[in-house]
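Protein chains get the first letters and strands the later ones, always in sequence-line order, with residue 1 at the start of each.
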Amino acid sequence: MKRYIPQQVEPKWQQKWREDKLYSPDLGNAKNPFFNLMMFPYPSAEGLHVGNMYAFTGTDIFGRFMRMQGLDVFEPIGLDGFGIHSENYAMKVNIHPFDLSKITEKRFLEQLNITGNSFDWTATVETYKPNYYKWTQWLFLKMYEKGLAYRKKASVNWCPSCLTVLADEQVIAGECERCGSKVEQKMLEQWFFRITDYADRLINNLKNLDWSEKVKIAQRNWIGKKQGINISYEVEGSDLKVACFTTRPDTNFGTTFIVIGPEHPDVYKLTKPQHINEVKEYIKLSTIASKEERIAEGRKKTGVFTGSYAINNLNGEKLPIWISDFVLGDFGTGAVVGVPGHDLRDFQFAKQFDLPIIRVVVGKDGDKTDITSESQVQEDEGVMINSDFLDGMDIHKATVKIMDYLEEKGWGKRVTTYHLRDWLISRQRYWGPPIPIIYCNKCGTVAVPEKDLPVELPFVEKFRPTGTGESPLASVEEFYKVKCPSCGGQARRETDVSDTFLDSAWYFIRYPSTDIENKAFDTQRSKKWLPVDMYIGGAEHSVLHLLYSRFVTMVLFDAGLIDFEEPFTKFRAHGLLIKEGAKMSKSKGNVVNPDQHIKEYGADTLRTYLMFLGPFDQGGDFRDSGINGIYKFLQRIWMLQEKLDGQNEKLGIKDLKFMHKTIKKVTEDISALKYNTAIAALMEWLNFLSKKQKLSKEEYQAFLLLLSPFAPHITEEIWEVLGENYSIHKHSWPQFVNEYLEDDEVSIVIQVNGKVRDSIKVQKDIVGSKEAIQKLATGTPNANKYLEGKSVKNVVYVEGRLINFVI
RNA sequence: GCUGGUGUGGAGGAAUGGUAUACUCGUUCGCCUUAAGAGCGAAUGUCCAAAAGACAUGUGGGUUCGAGUCCCACCACCAGCACCA
């Protein structure tokens, strides 16, 4: 018999599946819709990464499995081609993004095609095509209409290399997520989305979602809801008041100073004339310094004194007011109380500027001495001292007590704050959807009417960012010079484009409606297919993409445009694929290209190999040496055809047991995304089948069906050779029968003091009797050796498993 | 520092509190072949010539008849977040 040659067979089926629209459900009329979604890739010019293939294959296997459960599975794919990533690459290779997108698109679609995924090729999206971003712009207008998009001059993260602003989420440890440059602060007029209005809902809804717990935790942490109190301090010799946010008002008797951030609105009002020069100098320096630089200096605290004092109402103490850049302008009130005994940063600041330190909490170490070193700073549980009416209370009780007291006196007000900030949407770049807004001197800010969408991104030769804080589009007169849609007068178009994350925050809603041109999405289609039933993607999108998508979905729900407020019913994060113990990266030069492996072994082999590496949710370690084993595995399955004879061999009881045991195992493992053990179970069954002289068609077919989600081509090919109806991928999944899962004979382990000494095989009908088993067990020579002459104190019997003699 | 995760043979990894090391790779030996990086069979945690046995799931304790699994403390690595009051 000839060996299986994937290079000949795989393209044949890929083409046929596509021509037959095998994986395209009837989007309008499907009876059992199941939306199986993978995160769409951004098409880099290097082509599809094996990490992408890993993620896609894992998602596809689940989709194929569900399809064989009789569901109408919709598994679309698209390209997230807009954005800084693609644009930076275009600059690097000096090809215009328009041209580059055509090249990468072609390459990506070819690669995606040969991976053997069951994509619906009739419903794809490309975020950089006008027929898609038209609706991204429409979404912006919806936000604007609902008062959720607003423009504000703000201190924003500015990447001096990408020459654009970045959202907080795109700044990683003070560096640009894309290029790694140190991020600076800059004041610019920007568009924001009011995602903070949805903060509570974004937290509360989490508990009802079937998502990986770690992703939920990451989102909760990112939103960072905190209950605290704003305490208002009078400033000595002034009408001004300084409000400070704190979650630990219990320590308020330990306050010895106040610190405001350089961005605080009253900075200059609070500064006494004799300090003005120092303050100006400090503020200048702190806005230039990047966040990274501030941290880099060993967290050494810097600051200046304003000359003003606030009064602590609780005890009449004078609190010097300082300015320091460790206080963030946009969190809480932009001012903090300095409690150096019970906050490490405050301690460092107090040490730096020689400010007094008072202990007000005694921790479980019982230390009541003065706090003079960092290790003594007590931030945890404890009991109050030196705090007047709070003395002797634990900190939680004291917190409630003092909050009540401060509110009663009118000195403070309970508030909730969030770490989450409004979503900064504007980008001063070229490669994105232009924000559909027009500025008119007479009418002000005017939305582009829906009928005028899309605002097409013009082909601009000079697409590189300018560095002036304006988009390259700002120098294209034909683009920005427009008539006001409201009064018809001369007006100017917004020249910034929107953040890439907006493109990907709604693409899943577009997928079922890609053939509909006059709407962003069709209501009936959305009703049928959405929300997404299963979403699989990388954990690195835990906060960015997943949070934005949830926000957008909530907004559309509130606008009455869709009937669900959470986009992804079930989400699972896959693990990271590494290469021989190291992370794959271009700089290390160890990135695996799926093409060469597909060429050599075929997509089926690579798919199955990737899934065999380890648990899908934990990732795997790619080693070239292992792939050949999977290739041989598939070859052996092919060769099993030799063991078929025309007669249909009857299955013995052992055969049936093995078959049903495997069906059960594979079914359960795929449901739980434990692909590696599902494949191992198939290997064990193959080893069993290989030893047989003759094979029954029934078991061979069952084997192929179980394997088909992993290796769709070879199974389809054999299926055809066997003369079965096309296609195996539409065939129903094998069912296991419980009666074949039980054994007549059971092996019972004999332990003495918990150590295995022997085992016996007994008939199933006596396992219920401890006495019978004990008698049999005592009689075995090995057990007897240990039990002889000893008095047995206790006998533990676990039915059908083991018996343990305690001596 | 905070949050989450992981630690098991030479390697990737299995294991509802119940025979640790399934499955795969690698290595070694044998068979087959003109030959092969092809196929078939066998062995493979450590100590010991072997048997018997003892010891082995990052470290140290604990719970239990019995712990890779549960609890406590610690160590290492990975990922994410980080001067958030």
Side-chain angles (χ1 to χ4, degrees), chain A residues 3 169 172-174 212-218 220-222 224 226 228 244-249 251 259 261 291 294-295 299-301 324-328 330-339 342-346 348-349 379 417-421 538-540 542-543 573 575-576 578 580-581 583 609 612-615 617-630 632-633 635-636 639 674 676-687 690-691 747-759 785 793-798 800-807:
Chain A
R3 290 169 57 77
E169 291 85 341
I172 311 297
S212 319
E213 202 53 38
K214 57 193 263 190
V215 174
K216 290 191 188 184
I217 290 164
R220 250 180 234 119
N221 290 346
W222 185 261
K226 288 208 174 92
C244 297
F245 173 72
T246 179
T247 56
R248 291 292 306 277
T251 62
V259 189
K291 279 183 186 171
R294 290 188 205 174
I295 297 163
R299 305 200 169 175
K300 193 175 159 188
K301 294 290 178 289
S324 177
D325 60 12
F326 81 81
V327 177
L328 305 174
D330 56 356
F331 184 78
T333 58
V336 300
V337 285
V339 186
H342 305 283
D343 182 289
L344 195 57
R345 279 169 335 197
D346 292 351
Q348 289 163 346
F349 193 81
E379 295 181 319
T417 60
Y418 301 88
H419 171 252
L420 182 72
R421 312 294 154 83
E540 69 273 19
S542 296
V543 286
L576 190 69
I578 58 172
E580 279 156 32
K583 205 173 166 176
Y609 176 61
F612 185 59
L613 285 175
D617 60 353
Q618 281 173 40
D621 192 351
F622 192 101
R623 279 162 203 266
D624 295 310
S625 61
I627 195 165
N628 199 47
I630 297 290
K632 288 197 285 192
F633 168 65
Q635 288 294 351
R636 286 171 65 203
M639 291 296 172
K674 287 152 92 182
N676 57 331
T677 48
I679 295 165
L682 286 170
M683 286 172 170
E684 286 185 65
W685 193 19
L686 174 65
N687 291 342
S690 299
K691 291 193 177 83
S747 171
I748 306 264
V749 167
I750 302 163
Q751 295 184 340
V752 178
N753 279 350
K755 292 197 193 280
V756 178
R757 297 303 179 189
D758 209 338
S759 72
K785 199 164 90 188
K793 285 196 205 116
N794 190 16
V795 179
V796 180
Y797 175 58
V798 183
R801 300 210 73 119
L802 61 76
I803 186 160
N804 187 15
F805 295 93
V806 185
I807 56 173

Rounded to whole angstrom units, what separation is found between the [atom1] atom of [X] and the [atom2] atom of [N]?
{"X": "K632(A)", "N": "C25(B)", "atom1": "NZ", "atom2": "P", "answer": "5 Å"}
{"X": "N221(A)", "N": "C81(B)", "atom1": "CG", "atom2": "P", "answer": "11 Å"}
{"X": "F612(A)", "N": "C25(B)", "atom1": "CZ", "atom2": "P", "answer": "8 Å"}
{"X": "D758(A)", "N": "G18(B)", "atom1": "CG", "atom2": "P", "answer": "21 Å"}

Using a heavy-atom cut-off of 4.0 Å across all strands, would you classify [X] as base, sugar-phosphate, or nothing?
{"X": "R757(A)", "value": "sugar-phosphate"}
{"X": "K793(A)", "value": "nothing"}
{"X": "K785(A)", "value": "sugar-phosphate"}
{"X": "G629(A)", "value": "sugar-phosphate"}
{"X": "D346(A)", "value": "nothing"}
{"X": "V806(A)", "value": "sugar-phosphate"}
{"X": "T333(A)", "value": "nothing"}

Does a side-chain N or O of [X] approach OP1 or OP2 of [N] to a distance below 4.0 Å, or not?
{"X": "N628(A)", "N": "U24(B)", "result": "no"}
{"X": "R345(A)", "N": "C84(B)", "result": "yes"}
{"X": "K214(A)", "N": "U3(B)", "result": "no"}
{"X": "K755(A)", "N": "C55(B)", "result": "yes"}

Side chain of [X] only, heavy atoms from C-beta on: which candidate in [options] is closest?
{"X": "R623(A)", "options": "A11(B), C81(B), G13(B)", "answer": "A11(B)"}
{"X": "V336(A)", "options": "C25(B), A85(B), C65(B)", "answer": "A85(B)"}
{"X": "E684(A)", "options": "G18(B), C83(B), A22(B)", "answer": "A22(B)"}
{"X": "F326(A)", "options": "A54(B), C83(B), G39(B)", "answer": "C83(B)"}
{"X": "V756(A)", "options": "C84(B), A20(B), C65(B)", "answer": "A20(B)"}
{"X": "N687(A)", "options": "A79(B), U19(B), C23(B)", "answer": "C23(B)"}
{"X": "K226(A)", "options": "C23(B), C84(B), A14(B)", "answer": "C84(B)"}
{"X": "F331(A)", "options": "C23(B), A85(B), A14(B)", "answer": "A85(B)"}
{"X": "R801(A)", "options": "G12(B), C84(B), U19(B)", "answer": "U19(B)"}
{"X": "H419(A)", "options": "G13(B), U16(B), C84(B)", "answer": "C84(B)"}

Please give the distance between the [atom1] atoms of [N] and [M] as a whole number of Å.
{"N": "G26(B)", "M": "A79(B)", "atom1": "C1'", "value": "30 Å"}
{"N": "G12(B)", "M": "C2(B)", "atom1": "C1'", "value": "32 Å"}
{"N": "U8(B)", "M": "U57(B)", "atom1": "P", "value": "11 Å"}

Contact nearer the 5' end of RNA chain B, comparing I217(A) with T247(A): I217(A)
Residue list, side-chain contact (heavy atoms from CB on, under 4.5 Å) with N628(A), at least two apart or on another chain: Y601(A), Y631(A), K632(A)
Opposite nucleotide pairing with G9(B), Watson-Crick or G-U, both atom distances under 3.5 Å: none
Polar pair under 3.5 Å, donor/acceptor by atom type, side chain E540(A), base G80(B): no
Where the chi angle of G39(B) falls, syn if within 90° of 0 and anti if not: anti
